[in-house]
Amino acid sequence: MSKKVTLSELNRALEEVGETACQNAPDLFFPDPEEVGLNASYKYAKTACAACPVRALCLNYALDNEEVWGVWGGMTPNDRKKLLQLGTR
């Protein structure tokens, strides 16, 4: 098993890249589930993540640390849950 990705590793990678969509519009990546438009926020976030150079590291961080909130590495909480249930990464 590989070493878990830490938040400081992810933050360093984000700093090296510069501005990313999640840093510019965090509300779209961590929307309030009570608000209308959750799916629209998720769709925007997933699209923005697709072009992000730290997408894989971000997703691995979320999986390693069992993040249950927000879009990480282009995957919603339900996407990540399904991925973990399948036992694939």
Only pairs under 3.5 Å count here: list side-chain donor-acceptor contacts from residues 12-20, not counting sequence neighbours, and write none if there are none.
from : atom 1 : to  : atom 2 : distance (Å)
E19  : OE1    : N24 : ND2    : 3.3
T20  : OG1    : Q23 : OE1    : 3.1

Quick check for you: to the nearest 0.5 Å, what is the distance between K43 atom NZ and T76 atom OG1?
14.5 Å
First locate atom NZ of K81, then atom CG of L86, and finally report the distance between them rounded to the nearest 0.5 Å.
12.5 Å
Enter the distance from N78:CG to Q85:CD here, rounded to the nearest 0.5 Å.
9.5 Å
What pair of heavy atoms forms the shortest contact from G70 to P77, and how long is it?
O-CD, 3.4 Å
Applied to residues 65-80, the salt bridge (Lys or Arg N to Asp or Glu O under 4.0 Å) test, sequence neighbours excluded, yields K46-D79
In Å and rounded to the nearest 0.5 Å, what is the CG to CG distance from D64 to L7?
12.0 Å
Got a second to check how far T6's OG1 is from Y61's OH, nearest 0.5 Å?
8.5 Å
Which value, rounded to the nearest 0.5 Å, describes the distance between C58 atom SG and L63 atom CG?
9.5 Å
Of all the heavy-atom pairs spanning E9 and K3, show the shortest one and how long it is.
OE2-NZ, 2.7 Å
Kindly indicate whether the side chain of F30, heavy atoms from C-beta on, has any atom under 4.5 Å from the side chain of W72.
yes
